Every structure is written in structure tokens, then in C-alpha cells.
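What you are looking at is a predicted structure, and each value in this text was computed from that prediction instead of being measured. Sequence lines set the chain letters: A, B, ... in the order given, protein chains first and strands last, and positions in each chain run from 1.
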Protein chains: 2
Amino acid sequence: MARKKAARRKGKTAGGKAAVRFGPLADWVGFNLRMAQESAFEAFSHLSREIGESPGRFATLTLIAENPGISQSALGHAAGRDKSSMTPVLDDLVRRGLVARARSDEDRRTYRLNLTAAGANTLARLTACARRHEQNLDRIIGPRDRARFLRTLKRVQAIS
Amino acid sequence: MARKKAARRKGKTAGGKAAVRFGPLADWVGFNLRMAQESAFEAFSHLSREIGESPGRFATLTLIAENPGISQSALGHAAGRDKSSMTPVLDDLVRRGLVARARSDEDRRTYRLNLTAAGANTLARLTACARRHEQNLDRIIGPRDRARFLRTLKRVQAIS
DNA sequence: TATTGTTATACTCTATAACTATA
DNA sequence: TATAGTTATAGAGTATAACAATA
């Protein structure tokens with residue numbers, strides 16, 4: 001650690017390679033937001049891979065669990081995706097028996113989506129992963145700053 | 001706005017569609033980090049599109065400007081990408097005359113990357129966009145919380 | 001006419017592995 | 001043997017436009 005710091009002072013990393021200067025990027029919220037999100041996503045990805053699911057499936061399964069009978073369009077809208085982007089995702093979840101797709105009687109254009117028992121089981125395991133992930137994040141952020149950090153993230157989502 | 005709130009209380013949005021419940025997602029840092037990053041990225045995308053560049057090119061051009069003569073591998077490493085991912089990016093920037101690629105005399109395997117005059121000009125315009133973007137973010141975050149928010153984002157980048 | 005979901009298609013970004021030319 | 005960069009290839013995720021069925 002002492003060696004690493006000494007090396008940095010001379011513009012080198014511990015590995016002996018020239019240090020890269022980030023210039024104004026280092027202080028920009030936009031850039032650091034992206035880097036932080038990538039790191040957190042990657043970390044969650046590792047955890048969810050242990051149970052054979054991609055992180056993207058987690059939000060979809062949760063939204064279906066929280067909104068039984070939701071349509072594909074409403075699901076896409078909630079996640080900020082086009083309905084055509086949902087088709088292959090739902091195809092995959094239905095094919096693997098995690099989601100049931102049933103035509104609505106009221107409006108026969110729409111499907112009503114629900115989790116199967118297997119889907120609920122997978123979601124429970126993914127949720128356990130997510131909780132571990134959140135605990136890791138909490139340790140990094142600090143319990144006192146968590147609420148404030150979350151509030152700021154929510155405000156940024158409304159940027160325009 | 002009042003109508004929207006009243007509608008929400010009844011579980012409907014202003015548009016009359018059923019509101020979607022986000023359940024535990026609403027309070028998870030990981031999910032909100034992703035949503036915030038997507039929103040901010042989209043907003044910057046709009047600004048940079050006005051000058052005909054994608055957001056991804058901005059970080060690349062900045063890193064080259066800050067580290068004249070940097071190699072493609074070092075560039076990829078700094079951005080957390082594989083060297084093979086850099087090839088098409090650099091091909092594009094060189095083809096459009098923004099970056100100059102010259103073989104190093106010391107090590108004839110590596111290229112030394114530098115901005116051309118056109119590249120410096122494009123970067124200056126992108127930087128102006130980024131400054132506007134940062135000002136928008138600052139207004140949302142609040143000047144008093146900015147430093148703390150940035151510090152937290154940097155800590156999250158080291159999650160593992 | 002408008003909407004739900006599918007299809008065809010394409011684009012962006014990314015990675016792995018095999019290759020070349022150098023070291 | 002190891003490294004810098006390229007190529008071939010593939011995969012995930014997303015979007016637009018046109019379409020069929022239904023409203």
C-alpha cells in the first residue's frame with residue numbers, strides 16, 4: 001500500500017505502468033455515475049450468475065410479482081423499454097417456465113403475466129442475492145448517508 | 001399536477017392507466033443507481049447529438065487529450081474495456097480525422113494516440129455540452145450535496 | 001382509428017479466441 | 001514466452017417499422 005502510494009506520486013501504478021490521467025472526467029457527476037453503476041451492476045451480476053440468472057431478469061420478475069396480471073406493454077413502460085423489446089425477454093421466461101402468459105378475457109389483445117411457482121422460487125433466490133448486494137452497498141455508502149444518496153438518485157432520474 | 005397526485009392516490013396515473021408497483025425495487029440502491037444513470041446518460045446523449053457525437057466518444061477523446069501518446073490497450077484498461085473493443089472505436093475516430101494513430105519507435109507493436117486539431121475542436125464542443133449537463137445535474141443535486149454525492153459514487157466504484 | 005403483441009431487421013456495445021508482428 | 005493490436009465471431013440488449021388481431 002505504501003509502495004502503491006509512492007508509485008502514484010511518480011505517476012506510476014504499482015504494476016509499473018504509467019498512470020492514466022482522467023482530467024475533468026474525475027470530477028464529473030455524469031462520468032462517475034456511469035462508472036459506479038457499471039461496478040455495482042457487475043457485482044450484482046456475479047451474485048446472480050451463481051443462480052444462473054442475468055440481472056436484467058430480476059427487475060422483470062419483480063415487476064410481475066408486484067403486479068400480477070400486468071401486460072407486456074405496461075411492463076415495458078415501467079422499465080422504460082419498447083414493447084418489442086419485451087417479446088424476447090418474455091419468450092425466454094415463459095420457455096423456461098418462470099412466467100405464465102394467458103390471454104385476457106376482457107381485452108383479447110393483451111396477455112396477463114404471472115409468475116409460476118418456479119418463477120416465484122427463482123425470484124426469491126434472486127431477491128436474496130439482491131439483499132446481499134444491498135448490504136455490500138450499504139457498507140460502502142454508510143448507513144447514515146444511504147437515505148440521502150437514494151433521494152439524490154431518485155431526483156436525478158427526473159432530469160428531463 | 002394536483003390531478004396527477006389525486007390519480008396516484010387511487011393507484012392510477014394521470015393517463016388513466018393502472019399504476020405499476022415497484023415493490024422492493026423502489027428502495028434498492030442498485031436499481032435506482034441504474035435508473036439514474038440511464039436518465040443522465042440519455043440527457044447527455046441529447047446534448048451531444050446536437051454536435052453529432054455519441055456520449056461514448058467523449059470519454060475516449062478526453063482520455064487521449066489528457067494522456068497524449070497513450071496506447072490503445074492503456075486506453076481500454078482505463079475505461080474498463082478489452083483492447084479488442086477499442087479497435088472499432090479508434091478506427092472510427094481515425095477515419096473521421098479526430099485521432100492520429102502513429103507507431104511508436106520505442107515499441108513497434110504499439111500505437112501512440114493523439115488528437116488532431118479537428119479532434120481537439122470536437123472535444124472542446126463536447127466539453128461544453130458536458131458542462132451544460134453538469135450544471136443541470138448540479139441544479140438537481142444541489143450545490144451542498146454535490147461533493148458528498150460524488151464521494152459516494154467514487155466509493156461505489158470500488159465495490160469489488 | 002388506436003392498441004397489443006409479434007416479426008423482421010438492424011444497430012451499438014461488448015467479449016473471447018485465434019492470429020500477426022513484434023518484444 | 002509475453003504483449004499490442006486486429007480479425008472473426010457471437011451475444012445481449014435495444015429500437016423502428018410493418019403487420020395481424022382486436023378494440
Measure from [atom1] on [X] to [atom2] on [N] and round the result to the nearest Å.
X: Arg112(B); N: dG5(D); atom1: CZ; atom2: P; result: 11 Å
X: Phe58(A); N: dG13(D); atom1: CZ; atom2: P; result: 15 Å
X: His77(B); N: dT14(C); atom1: NE2; atom2: P; result: 16 Å
X: Leu93(A); N: dG13(D); atom1: CG; atom2: P; result: 11 Å
X: Asp82(A); N: dT12(C); atom1: CG; atom2: P; result: 18 Å
X: Tyr111(B); N: dT22(C); atom1: OH; atom2: P; result: 10 Å
X: Lys83(B); N: dA2(D); atom1: NZ; atom2: P; result: 14 Å
X: Gln72(B); N: dT7(D); atom1: CD; atom2: P; result: 11 Å

Is the shortest distance from a Lys or Arg side-chain nitrogen in [X] or [Y] to a carboxylate oxygen in the other one below 4.0 Å?
X: Arg112(B); Y: Glu106(B); answer: no
X: Asp138(A); Y: Arg131(A); answer: no
X: Arg125(B); Y: Glu50(B); answer: no

Is there a donor on the side chain of Arg81(B) or the base of dT14(C) sitting less than 3.5 Å from an acceptor on the other?
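Per atom types, no contact qualifies.
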Go through the N and O atoms of the side chain of Arg109(A) and the base of dT3(C), and report whether any donor-acceptor pair is under 3.5 Å.
yes
Base, sugar-phosphate, or nothing: which does [X] touch, judged by heavy atoms less than 4.0 Å apart?
X: Arg103(B); result: nothing
X: Ser84(B); result: base
X: Asp107(A); result: sugar-phosphate
X: Ser85(B); result: base
X: Thr87(A); result: base
X: Arg101(B); result: sugar-phosphate

Quick check: on DNA chain D, is the nucleotide nearest Glu106(A) upstream (toward 5') of the one nearest Phe41(A), or the reverse? Name the residue that is more 5'.
Phe41(A)
Quick one: on DNA chain D, does Met86(B) or Val89(A) contact a more 5' nucleotide (nearest heavy atom)?
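Per heavy-atom nearest nucleotide, the more 5' residue is Met86(B).
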Arg103(A), CZ atom: more than 12 neighbouring heavy atoms under 6.0 Å:
yes
Comparing Gly80(B) and Ser104(B) on DNA chain C - which has the more 5′ nearest nucleotide:
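It is Gly80(B) whose nearest nucleotide is closer to the 5' end.
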Run Trp28(B) and Phe44(A) through side chain to side chain contact (heavy atoms under 4.5 Å, CB included) and show every step you take.
CA-CA 12 Å; Trp28(B) 278 342; Phe44(A) 180 59; over 6 Å; no
dG5(C), dA23(D), dT14(C): which one has an atom nearest the side-chain heavy atoms of Arg108(A)?
dA23(D)
